[in-house]
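The block underneath contains the structure these notes are about, expressed in C-alpha cells.
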There are 2 protein chains.
Amino acid sequence: MKLSTKGRYAVTAMLDLALHAGKGPITLAEVSGRQHISLSYLEQLFSRLRKANLVDSIRGPGGGYELKRPATQISIAEVVLAVNEPITATRCNGKGDCQGGDVCLSHQLWSELSDQIYQFLSGITLDHVIQRDFVQQVAERQNVRFREEDVIAFG
Amino acid sequence: MKLSTKGRYAVTAMLDLALHAGKGPITLAEVSGRQHISLSYLEQLFSRLRKANLVDSIRGPGGGYELKRPATQISIAEVVLAVNEPITATRCNGKGDCQGGDVCLSHQLWSELSDQIYQFLSGITLDHVIQRDFVQQVAERQNVRFREEDVIAFG
DNA sequence: GTAAAGTTGACTAAATTACTCGGGTATGAG
DNA sequence: CTCATACCCGAGTAATTTAGTCAACTTTAC
C-alpha cells in the first residue's frame, strides 16, 4: 500500500465528487477550482479512476464525472490503488536469490503488514469520511486506547 | 501519513534488528547483507532513526545498532515518521486563501482520515509483526468482515 | 597504532510527482 | 450544422524524492 500526495489528490477529488453527488456531472474544472489541483493533473488521475471503474465520464457540454457507485461503496483503498503503481514488495521478487531465511522472512513480514494496512483502508468508504462519524466508527471497531504521547506532528 | 519504499526499507531494517535483538549490536553491514539494502542508504536511514530515539548506536569495533526500546514498544508509525517528511496536508496551509468552504472541508476530511491511518499504525509494534499473530490481533480489534473481492494485487 | 565501526556531508543517477502543452473526439445547445 | 464544452490522450518537463556513491572524519577495541 503506497500513500503519497498523489493518493491524497485522488482521494480529495473523489471526496469532492461525493460531496456534490446527485447534482449531475461535475466538471474537472470545478474540482480544480475548489481543490486547487491543476486541470491537466486531474485529467491524468481521472483517466486512472475511470479505468478502475470508480467514476463515469459524460462527454460534451454539460458533461463531467460522477461516482460510478454510491459513496458508501467506494473504499479509500480502491482510490489509492487506482492512481498508484503498487510498491514492488521484494527485491528478489520470485527470483529465488533469497537464501539465508532471514531475508525472505522480513519480506514476508512486510507483506503481511501491508495486507493489514490495505484491509484497514478497505474498511473506510468515501461516505464514512464525508459523514465524519467514521472517526468514532473506526475507533469503536478497533477498541483503540488512544495514547496522547503517540500523537505528534505528521502529515 | 506517508507510505513509500523508503518507509518499507526502514521498517524492514528495524524488523531485522528486532529479530536479532539480545545478541549485542548489529552492524549495518549485516543488515545490508541480509536485507539487500545498500550500506550507505542504511546509514542515512539510521541517522534519522537515531535522531528519533528509536535506536542506539555503539561506535568502534564490535559496535553497531540496537533497538533503544523493546520491540513491544516501538510502533510502525514511529518508524515510518522517522524517515519520511510529512505530507504537507494542504496547499493553503494556514495562509487563509481557502475561501468557499468546500476547499477547507476536503482538507479537513483528509486530515481526519490521515489521523486514523496514523492511529492504526501506532497500534502495531515491531513485536506484533515478528510474532505474526498480529494478523489475528488486528482482525479481532477491528471486527472486520473480510471481503475476498477486496483483496486484489497491491504492494 | 591500527583497524573496525559509526558519523557526516556533498554529490549524483534514477524514479516519481506534478504539471504543461497541443492536439484530438464526442456531444449537446443554438 | 456548427461550435463551444467537456472529456481524452500522449509527449514532454521541471521539481522533488528516492536510492545510492564517495570521501573524510571520529570513536574505540585490541
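Nothing here was measured: the structure is a model prediction, and the numbers come from that model. Chain letters run A, B, ... following the sequence lines, proteins first, then strands; residues in each count from 1.
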[X] has an atom [atom1]; how far is it from atom [atom2] of [N], in whole Å?
X       : N      : atom1 : atom2 : value
B/Arg48 : C/dG9  : CZ    : P     : 13 Å
B/Ile37 : D/dG20 : CD1   : C1'   : 12 Å
B/Tyr41 : D/dT18 : OH    : P     : 6 Å
A/Leu42 : D/dA6  : CG    : C1'   : 14 Å
B/Leu45 : D/dT21 : CG    : P     : 13 Å
B/Tyr65 : C/dA4  : OH    : C1'   : 14 Å
A/Phe46 : C/dC19 : CZ    : P     : 15 Å
A/Leu39 : C/dC19 : CG    : P     : 12 Å

Worksheet item: Between the base of D/dG20 and the side chain of B/Gln44, is there any donor-acceptor pair under 3.5 Å?
Response: yes
Worksheet item: Checking only heavy atoms, does the side chain of B/Arg59 share a donor-acceptor pair with the base of D/dT26 at less than 3.5 Å?
Response: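 Side chain to base: pair present.
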Worksheet item: When the nearest nucleotide of DNA chain D is assigned to A/Lys51 and to A/Gly60 on a heavy-atom basis, which residue is associated with the more 5' position?
Response: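 With A/Lys51 and A/Gly60 compared, the 5'-side residue is A/Gly60.
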Discussion item. Pick the closest DNA chain D nucleotide for A/Ser47 and for B/Ser40 by heavy atoms, then say which residue is nearer the 5' end.
Written reply: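 Result of the comparison: A/Ser47.
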By nearest atom, which of the nucleotides [options] is closest to the [X] side chain?
X       : options                : value
B/Lys2  : D/dT17, C/dT7, D/dG20  : D/dT17
A/Pro61 : D/dT18, C/dT27, C/dC19 : C/dT27
A/Arg50 : D/dC8, D/dG20, D/dC22  : D/dC8

Worksheet item: Going from CD on B/Gln119 to CZ on A/Phe120, what distance comes out if it is rounded to the nearest 0.5 angstrom?
Response: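 Here the interatomic distance stands at 9.0 Å.
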Practice prompt. Quick one: pull up CG in B/Leu28 and CZ in B/Phe46 and give me the separation to the nearest 0.5 Å.
Written response: 5.5 Å
For [N], take OP1 and OP2 only and decide whether either is under 4.0 Å from a side-chain N or O of [X].
X       : N      : result
B/Thr5  : D/dA19 : yes
B/Ser4  : C/dT16 : no
B/Thr27 : C/dG6  : no
B/Ser57 : C/dT7  : yes

Worksheet item: Can A/Arg69 and A/Glu78 be counted as an ion pair, charged N to O under 4.0 angstrom?
Response: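 Salt bridge: yes.
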Fill in: Parallel, tilted or perpendicular, as decided by the 30° and 60° cut-offs, for the rings of A/Tyr41 and A/Tyr9
perpendicular
Worksheet item: Under 3.5 Å, is there a donor-acceptor pair between the side chain of A/Ser122 and the main chain of A/Tyr118?
Response: yes
Fill in: Residue whose closest nucleotide on DNA chain C lies nearer the 5' end, B/Ile58 versus A/Asn84
B/Ile58
